[in-house]
There are 2 protein chains.
Amino acid sequence: MAKYEEVASDLIRYIHDHELEADDKLPSIQEMVDHYNVSKNTVLSALNDLERQGLIYQVRGSGVYVRGNTRKGYINLLNIGGFNSTLSQFKIESKILTLELVEPNEEAIENLKIEQPDKTKVYHVVRIRYIEGRPFGIEESYFDKDIIPYLSEDIASASIFDYITEDLEIPIGYGDHFLRVGRLKADEADQLQLNEGDPTLRTESIFHLHNGKPFDYSKITYHYEETQFFIQGTNYQYRY
Amino acid sequence: MAKYEEVASDLIRYIHDHELEADDKLPSIQEMVDHYNVSKNTVLSALNDLERQGLIYQVRGSGVYVRGNTRKGYINLLNIGGFNSTLSQFKIESKILTLELVEPNEEAIENLKIEQPDKTKVYHVVRIRYIEGRPFGIEESYFDKDIIPYLSEDIASASIFDYITEDLEIPIGYGDHFLRVGRLKADEADQLQLNEGDPTLRTESIFHLHNGKPFDYSKITYHYEETQFFIQGTNYQYRY
C-alpha cells in the first residue's frame, strides 16, 4: 500500500470510529500532515482518493467534510458487505429454501465465467431475506466452489459475505449490478406475501475478486413496498 | 493535479480513444513508466486509482485489463453525463412539458439545500424523454438559478448536462441517487403509454458541485418495459 493509501484507510477508520455524519468536518490538512507525519502532497492524494470514493468533499478555503452516506432504511446498492452491513440498524434474517452443490447451469457458467463446466461445481443457494421479520427479497445465488470451497446452512443463515471476507479472508474486489423492474410470478408473490403481477425490482449482481474473476452471481427479487435503494455516486464518472 | 492523476486521466483517454472493451489488455507497467517518464510507483498509484474508479482490474503477473463497462441498452446510473451519454448508441429526444423560473417549493428547498428561499429562484423543468421515438421516462428537475443562471427550450430539448459542463463549464462533482419501485398514476401512465397501476421505477437524483453544493434535483418516473439499469461497483466500498 502506498503511503497515501494508508492515510486514506486510516481516515476511513476515523470517520467510522468517530461516527461522523454528513457535513461533519474533518481535521485540517495541516493537522493530518502533523498527525501522520507525511507530506502535504500525500495528505492531498489521500483526500482526493476519499473524494473519489464518495466519502468526503473538500471546500477550498474552508475544509474537508464528510459526505451524506444514505437515508436510513435505504439499501446501499454499492455496499458489497451484504444486507447485514447496509441494513445494520435492522434485524436481518434468512430462510434457506435451497442449499446444494451442483453442476453449473447456463447462467452460472456465463456469469461466473466458468471455463471448465464439467470440472467445476457451484453452490446453489436460494434464500428468503427478512427485515424485522417481514420478507423483503428472494435471493438466488451461485458461488464458484473453486473459490468458495465450503458453504453450510449455518453460514447461509447468517452473512455469507462475512464468512467470505472474515473467515475465508477472501478480499472482495468489486460488484457489477443490473436492475430491471417487472411483475411478480405466483410463487414469488407467495414467498413475498404479495399478489401475482405486483411490481418488483429484479437485480443481478456479479461479484469479482480483485483479479477480475467472478465468484458470486446473485439474483434478487425485491418486495417493492419493503425496499428502497441508495446509490452514492463518486467523482470522475462523467469522464467515461 | 498530482502526477499519478495526470497519468490516470491520460489512461482514461487512452481506453476511450482506442475504444478498448471488457478484458482488453493495457500496455505493460514498464511501457507506461517509459511512455510517461514517471516512476513505477506513480504508475501503480494511477492504476490503483483507475481500479477504484471501476475502469480496470489488475492480474498479478499477467497485466492490466479493462473492466466490462455495461450491457448495451442499460442505463448506467453512475454515469452523470445524462442519458445522451449513457444511451449514446440510441436516439434520445425530449418533449418539454414545463419550463419555468419559479420560487422553490418545499422539496426543492430541502434537496437543493437552499438557504434563502425568498431570495432564490429555481428552474422547474418537466420533460418526457424518448428513446428511438418511444417514451422511456418522465423527468422533473429543479435547478438552482444561482448556479445555473439560464435555461431555454433549446437547451432543455437537448442535453442540459452538456450545456452545464461544456457551455457553462461547470464541473459536476457527484450525484446521489435514491430508487424506489411503485405504480404509475393515471397521468403518468398516459404520458408513458402504459396503464394506471403499472409498475415503475422512481428515482430521485441530487447532483452536487465539487464543493458539496447541490444544484440539480431531478425525479424520474421510468417506463418499466423500456428501461434497464447498470451500476458498476468500485472497490473499497466494502470498507464502509
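Chain letters run A, B, ... following the sequence lines, proteins first and then strands; every chain starts at 1.
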Quick one: what part of S205(A) sits under 4.5 Å from any heavy atom of chain B, side chain, backbone, both or neither?
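Interface part for S205(A): neither.
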
Chain B heavy atoms under 4.5 Å from K113(A): which part of the residue, side chain, backbone, both or neither?
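Only the side chain of K113(A) comes within 4.5 Å of chain B.
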
Compare every heavy atom of S141(B) with every heavy atom of S218(B), then report the nearest pair and how far apart it is.
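Looking at all heavy atoms of both residues, the closest pair is OG-OG, 2.7 Å.
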
In terms of heavy-atom pairs under 4.5 Å, which option from D198(A), N41(A), V181(A) contacts chain B the most?
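Of the candidates given, the most pairs with chain B belong to V181(A).
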
What residue, out of T200(A), L179(A), L44(A), I15(A), has the most heavy-atom pairs lying under 4.5 Å from chain B?
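Top option by heavy-atom pairs under 4.5 Å: L179(A).
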
Could you check whether Y4(A) and N48(A), counting side-chain N and O atoms only, form a donor-acceptor pair closer than 3.5 Å?
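N48(A) vs Y4(A): no donor-acceptor pair found between side chains.
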
Short N-O contact, K219(B) and E204(B), less than 4.0 angstrom:
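Result for this pair is no, no salt bridge flagged.
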
Mind checking whether F207(A) and F215(A) have parallel, tilted or perpendicular rings, split at 30° and 60°?
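It falls in the tilted class, 30° to 60°.
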
